[in-house]
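Counting begins at 1 with the first residue of the sequence. As a basis for the values below, the full set of heavy atoms in this structure was taken, side chains included, without hydrogen atoms, waters or symmetry mates. Keep in mind that this is a model prediction, so the values were computed, not measured.
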Amino acid sequence: PSLAEALGRPCTACEGTGTLPSLRWRAERLMQELQACRAVRLAVRAAPDLHRYLSGAGGADWQASTRRSGRAVTLEVDAALVPGGHRIMELS
């Protein structure tokens with residue numbers, strides 16, 4: 001292996017590709033995952049950049065998606081997540 005391979009490790013944010021998916025792609029993926037959830041109440045924790053996107057430029061799509069789902073979805077910032085990352089939690 002090369003010195004970089006021996007001493008380095010793949011980036012958890014880009015999974016070793018060297019590029020990050022766009023925020024639009026990340027938001028669409030999140031909305032697809034929400035549709036697959038069974039719980040009526042959900043909490044979404046999003047990395048700061050994704051949260052800004054969902055609250056701004058992607059806000060209309062986000063609101064339409066949550067309305068269509070018929071679920072109560074809260075959106076919170078989680079600075080510990082990698083850029084563009086999210087976590088869905090099903091609430092009882």
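The distance from the OG atom of Ser65 to the CD atom of Gln35 is 5.0 Å, given to the nearest 0.5 Å. To the nearest 0.5 Å, atoms CZ (Arg87) and CZ (Arg45) are separated by 5.5 Å. Atom-to-atom distance recorded for Thr74:OG1 and Leu91:CG is 6.0 Å, nearest 0.5 angstrom. Taking CZ of Arg29 as the start and OG of Ser22 as the end, the distance is 13.0 Å to the nearest 0.5 Å. In this structure, the separation between CD on Glu28 and CD on Gln32 is 7.0 Å, given to the nearest 0.5 Å. If you take CG on Leu30 and CG on Leu23, they are separated by 11.5 Å, rounding to the nearest 0.5 Å.
Considering only residues two or more places apart in sequence or on other chains, Asp61 meets the salt bridge (Lys or Arg N to Asp or Glu O under 4.0 Å) condition with none of them. Scanning for side-chain contact (heavy atoms from CB on, under 4.5 Å) contacts around Leu42 gives Leu34, Cys37, Ala39, Arg71, Val73, Ile88, Glu90, with sequence neighbours left out.
Tyr53 and Leu75 fall within a single hydrophobic cluster, where Ile, Leu, Val, Met, Phe, Trp and Tyr side chains are chained together by heavy-atom contacts under 4.5 Å. Each of Val44 and Leu81 belongs to its own hydrophobic cluster when Ile, Leu, Val, Met, Phe, Trp and Tyr are linked at side-chain heavy-atom distances under 4.5 angstrom.
Looking at Asp78, its side chain never comes within 3.5 Å of a backbone N or O of Ala47 through a donor-acceptor pair. Looking only at distances, no side-chain donor or acceptor of Ser55 sits under 3.5 Å from a matching main-chain atom of Arg52.
Here the closest non-hydrogen pair linking Gly85 and Leu50 is O-CD2, 3.7 Å.
Glu33 and His86 share a donor-acceptor pair across their side chains, judged by distance under 3.5 Å alone.
Cluster note: Val40 groups with no other residue, as no ILVMFWY side-chain heavy atom lies under 4.5 Å from it.
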